[in-house]
Amino acid sequence: MNKLAIREEVGQKLLEWYEANKRDLPWRRTRDPYAIWVSEVMLQQTRVETVIPYWERFLERFPTIEALADAPESDVLKLWEGLGYYSRVRNLQKAAQVVKERHHGIVPDTLDEMRALPGVGPYTAGAVQSIAYDLDVPAVDGNVFRVLSRLFLIEEDIMKPKTRKTFEDLAEFLIPSGRAASFNQALMELGARICIPKNPRCGTCPVQGPCKAYAEGVQEELPVKEKKKPPRPVDMTAALVRSGDAVLIRRRPDTGLLAGLWEFPGGERMEGETLEDSLVTHLRESLGITVQPLHLFAQVEHTFSHLHWNMRVFECDLLTGEVRVSEDVRWVALHDLETYAFPVAHQKIVKQLGGLI
DNA sequence: AACGCGGGGGA
DNA sequence: TCCCCAGCGTT
């Protein structure tokens, strides 16, 4: 079969399947480009079921571009707490400020203008432009990589940057004219529900017929992907410093891991250092205070994609008379901790503190 | 091109 | 418990 005939068949079969099988997701009930944009950013590395409640709360609290642009960053992070990859929402807010100031609060309706916004790459730009503005542009996410690699038996490593153009060109070629919104979502929906990573449901797949990987029986071997290395183990310390009903917390720096979130002060143990010495040094250097670790309060394990924290939390005496509080260092009553955005690793500590209230 | 960046679900 | 899921920015 020639290329144009396959394009015809895949387009028709996928659109038909999608119309009959698409899930009723909240962001599919709106045409608001901003609301769709928020959903795409949340969905970047997070599954649908997780995103739904976050999206509802976020749109309720920040219903417009302007509301998001004008909000305190701490409020924005609090609504993102637990979703991970916090730079996503910091960039989203920066982008909202650009849209407010330079685009009259209207999400731009061209690929190039959208791509120029912070946090907007080829996928997000394509998804928003096609879904919200009906532009015939591709939106290639991990699902689409998987579906197309199987459908056309493409064995290039999808993790390699140069491979992206191959898939984008193919995805664009396949778009039935004027139907990018449904077609792009159909490809992703197929990847999420039928053409899944393990044990794909080829028996109920609408494009089993033209699928080259299925014909060869190699669907389980695709897509080809380089293995990533295991998380690096890191010994962490954290201090539980109490004063009456309050505990000492600080805000993490504006860049790097967990930027802008709050935590119990501490840090990475250096080689050859004891946990206690490490903790004392960290608090002296970052907060200018001297503490005496008393006893182990909790041990928390947390795995990131690239790190594994083994965090020991010590209850400490404060030897310094006074702590210089600031924008980033605060005494907070136990029952007020919930108003601050913490990484999940530190939420585990907060949870254990709950027993003390 | 290589690396940093979180967290959750399913087998 | 182990293994899997990946877009974007920075360097």
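Chain A is the first sequence line, chain B the second, and so forth, proteins listed ahead of strands; every chain is numbered from 1. Not measured: the values here are computed from a predicted model. Values reported hereafter were calculated over all heavy atoms of this structure, with side chains retained and with hydrogens, waters and symmetry mates removed.
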S.K.: Sugar-phosphate means primed atoms, P, OP1 and OP2; the rest is base. With that split, encode nucleotides 3-10 of chain C 5' to 3' as B, S or - using protein heavy atoms under 4.0 Å.
M.R.: -SBBBSS-

S.K.: Any donor-acceptor pair under 3.5 Å linking the side chain of A:K348 with the backbone of A:E301?
M.R.: yes

S.K.: Name the nucleic acid region contacted by A:K160, choosing base, sugar-phosphate or nothing; use a 4.0 angstrom heavy-atom cut-off, strictly under.
M.R.: nothing

S.K.: If we take the P atom in both C:dC4 and B:dG6, what is their distance in whole Å?
M.R.: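 Their P atoms lie roughly 22 Å apart.
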
S.K.: Considering residues at least two apart in sequence or located in another chain, which fulfil the ring-ring contact (aromatic ring centres under 6.0 Å, His included) criterion with A:Y85?
M.R.: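 A:Y85: no ring-ring contact (aromatic ring centres under 6.0 Å, His included) contacts found.
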
S.K.: Want to settle it: does A:E226 or A:G84 sit nearer the 5' end of DNA chain B, counting the closest nucleotide to each?
M.R.: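 Its nearest nucleotide being more 5', the pick is A:E226.
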
S.K.: With Watson-Crick and G-U wobble geometry limited to distances under 3.5 Å, how should the secondary structure of DNA chain B be encoded in dot-bracket form, using | for bases paired to another strand and [ ] for crossing pairs?
M.R.: |||||.|||||

S.K.: Any non-hydrogen side-chain atom of A:I194 less than 4.5 Å from a side-chain atom of A:N21?
M.R.: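 Side chain of A:I194 against side chain of A:N21, heavy atoms only: no contact under 4.5 Å found.
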
S.K.: Test of understanding: with salt bridge (charged side-chain N to carboxylate O under 4.0 Å, His left out), list the residues that count as partners of A:R324, not counting sequence neighbours.
M.R.: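 For A:R324 there are no salt bridge (charged side-chain N to carboxylate O under 4.0 Å, His left out) partners, ignoring immediate neighbours.
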
S.K.: List in chain and number order the residues that pass ring-ring contact (aromatic ring centres under 6.0 Å, His included) with A:W27, two or more places apart in sequence or in another chain; answer none if no residue qualifies.
M.R.: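 Listed in chain order: A:W55.
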
S.K.: Not counting sequence neighbours, which residues clear side chain to side chain donor-acceptor pair (under 3.5 Å) with A:T339? List them please.
M.R.: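 For A:T339 there are no side chain to side chain donor-acceptor pair (under 3.5 Å) partners, ignoring immediate neighbours.
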
S.K.: What integer number of Å spans the P atoms of C:dA6 and B:dA11?
M.R.: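 Each nucleotide's P atom is 16 Å from the other's.
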
S.K.: So does A:E216 pair up with A:K212, basic N to acidic O under 4.0 Å?
M.R.: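 No, no charged N to carboxylate O under 4.0 Å.
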
S.K.: Starting from the 5' end of DNA chain B, give me the residue, A:L307 or A:T50, whose nearest nucleotide shows up first.
M.R.: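 The 5'-side residue here is A:L307.
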
S.K.: For A:K165, give me all partners under side chain to side chain donor-acceptor pair (under 3.5 Å), at least two apart in sequence or on another chain.
M.R.: A:D169

S.K.: Check the pair A:E273, A:R269 against salt bridge (charged side-chain N to carboxylate O under 4.0 Å, His left out), reporting the backbone distance first and the verdict last.
M.R.: CA-CA 6 Å; A:E273 223 177 7; A:R269 183 185 65 82; over 6 Å; no

S.K.: Can you name the ring-ring contact (aromatic ring centres under 6.0 Å, His included) partners of A:F167, sequence neighbours left out?
M.R.: A:F145

S.K.: Can you give the first and last nucleotides of DNA chain B, 5' to 3', that have an atom under 4.0 Å from a heavy atom of chain A?
M.R.: B:dA1 to B:dG9

S.K.: Using a 4.0 Å cut-off on heavy atoms, which residues in residues 71-83 of chain A reach DNA chain B? List them by number, or say none.
M.R.: A:G82, A:L83

S.K.: Please enumerate all residues that pass side chain to side chain donor-acceptor pair (under 3.5 Å) together with A:H282, with sequence neighbours excluded.
M.R.: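 Listed in chain order: nothing, the list is empty.
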
S.K.: B:dG8 and C:dG9: how far apart are their C1' atoms, nearest whole angstrom?
M.R.: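 My reading of the C1' atoms in B:dG8 and C:dG9 gives 23 Å.
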
S.K.: What residues form a salt bridge (charged side-chain N to carboxylate O under 4.0 Å, His left out) with A:R330, not counting sequence neighbours?
M.R.: none

S.K.: Less than 4.0 Å between a side-chain N and a carboxylate O, is that true for A:E327 and A:R251?
M.R.: no

